[in-house]
There are 2 protein chains.
Amino acid sequence: MPKLESEAEFFKALAHPSRLLILGLCKQKPRHTEEIAGILKLSKATVSHHLSLLTTAGLLESERDQYYQNYKLKNALLERKIADIIFTGLEDFSTNTDPFRTKVLRDFFKYGRLTQIPVQRKKRNVVLEKIVQSFEFDHAYPEKEVNQIILEFHDDFATIRRELIGLGLLHRENGIYTRVTT
Amino acid sequence: MPKLESEAEFFKALAHPSRLLILGLCKQKPRHTEEIAGILKLSKATVSHHLSLLTTAGLLESERDQYYQNYKLKNALLERKIADIIFTGLEDFSTNTDPFRTKVLRDFFKYGRLTQIPVQRKKRNVVLEKIVQSFEFDHAYPEKEVNQIILEFHDDFATIRRELIGLGLLHRENGIYTRVTT
DNA sequence: TATCTGATTCGGTATTTGTCAAATCAAATA
DNA sequence: TATTTGATTTGACAAATACCGAATCAGATA
């Protein structure tokens, strides 16, 4: 899933008054479906629907207690996720071990954005390999989506798209792009 | 309560991939409508629509430059709004808000991190109660995990861990920690 | 004033979303 | 196993939303 889509999903989960109310209720204490439906004067079907969205977004978790399915807030995740998304967009480069690669990524990325396209071929390959990781295997991307993903890294999406093709990291056929298995 | 509605509006504005893209583009530098439409391959009517929503939500502001209407990110508002949510969690969405507690959280947390440990006992208790909420009930934490969680808030995990025990918010037995039911 | 140019608004369509009642499901328990 | 009970899923419908092309608007400029 392209990162941007999942971020939008996250906000979408928060983008309805009833769901914010439900989060507030579940923050106070774990609640079950009919309990919430009673408080908010909504049908249990509707509440179940909202609870499902909130759970998928990672904001709630639930466990069964006798007849009841109790939902409670996953507080830490909510706060960290919002902070991550808004303030940076960030990448953790510390996990990879290749020192050259680490240095190049440190030098050319700032807050997840490519500050400039490296001129040296070897360095350029490193950043291109980094960028291509935002594409899923087994997914057909129209050019519009390709551009959007690359735009998260750098303005000059046309150049980068061309390079990704040239390096054999992306494959293009009939205007549809796919990530090449390495 | 208008508060809840406007919170939902705020998230709704962020709840679409194109709008996140637009925010990203306008964060880099001011952009005008057709420029964005060209990059995202959307009609200028659609982009104008998104820009309108983002402006209404207070995320963008615009000014005219010759023929162009340039939109730029209102960084301050975005960050303040997000910060509010992070400081107080979902407090604002629920019914009861303790003003003292809210103020202490605002004063001592920045972007989800504890800027310093309050000296006053009463204030310190507020931040400790805030921190303990990142722990689950009915879960056995080894000390290492406890430290990791506290480290997300402040570097001096040893002091905070000791205080959490002392206040009776965490319970320690044989090196295993559990959150105490209140 | 008349014209040019980018932005916005309008009209219309396709898609998504919120909602409920009814049917179905699944865990607990008799 | 059969029953009870709350949760979820299904199906239907209305409302909201995303999107586009065309018409209109408004500031800039001649």
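Values below: all heavy atoms of this structure, side chains included; hydrogens, waters and symmetry mates excluded.
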### Query
In whole Å, what is the span from the NE2 atom of A/His32 to the P atom of D/dT8?
11 Å
### Task
For B/Tyr177 and B/Arg172, work out which heavy atoms get closest and say how close.
OH-NH1, 2.9 Å
### Query
Do you know which two heavy atoms are closest between A/Val180 and A/Leu170, and how far apart they sit?
CG2-C, 3.7 Å
### Summary
Residues A/Gly58 and A/Lys74: closest non-hydrogen pair is O-CD, 3.6 Å
## Note on the structure
Note: B/Thr55 and B/Leu51 closest approach over all heavy atoms is OG1-O, 2.7 Å
### Query
Could you give the CD-to-P distance, from A/Gln69 to C/dC25, as a whole number of Å?
18 Å
### Summary
B/Asn70 CG to C/dT8 P, in whole Å, measures 11 Å
### Task
Using a 4.0 Å heavy-atom cut-off, write out nucleotides 13-24 of chain C from 5' to 3' as B (base contacted by protein), S (sugar-phosphate only) or - (no contact).
----SSBBB---
### Task
If the plane angle is over 60° it's perpendicular, under 30° parallel, otherwise tilted; pick one for B/His50 and B/His16.
tilted
### Query
Within this structure, what is the CG-to-C1' distance between B/Leu21 and D/dA18, rounded to whole angstrom?
15 Å
### Length of the OH-P vector between B/Tyr68 and C/dC4, whole Å
16 Å
### Message
Take a 6.0 Å sphere around NZ of A/Lys72 and say whether it holds more than 12 heavy atoms from other residues, nucleotides or ligands.
### Response
yes
Atom pairs, N/O to N/O, protein against nucleotides 24-27 of chain D, distance under 3.5 Å?
unit_1	atom_1	unit_2	atom_2	d
D/dG27	O3'	B/Arg64	NE	3.3

### Task
Rounded to the nearest angstrom, tell me the gap between atom CD1 in A/Ile36 and atom C1' in D/dT8.
14 Å
### Query
Minimum heavy-atom separation for A/Arg31 to A/Ile39, with atom names?
NH1-CD1, 3.7 Å
### Task
Please determine if B/Lys123 forms a cation-pi arrangement with B/Phe100, meaning its NZ or CZ atom is less than 6.0 Å from the six-membered ring centre and no more than 45° off the ring axis.
no
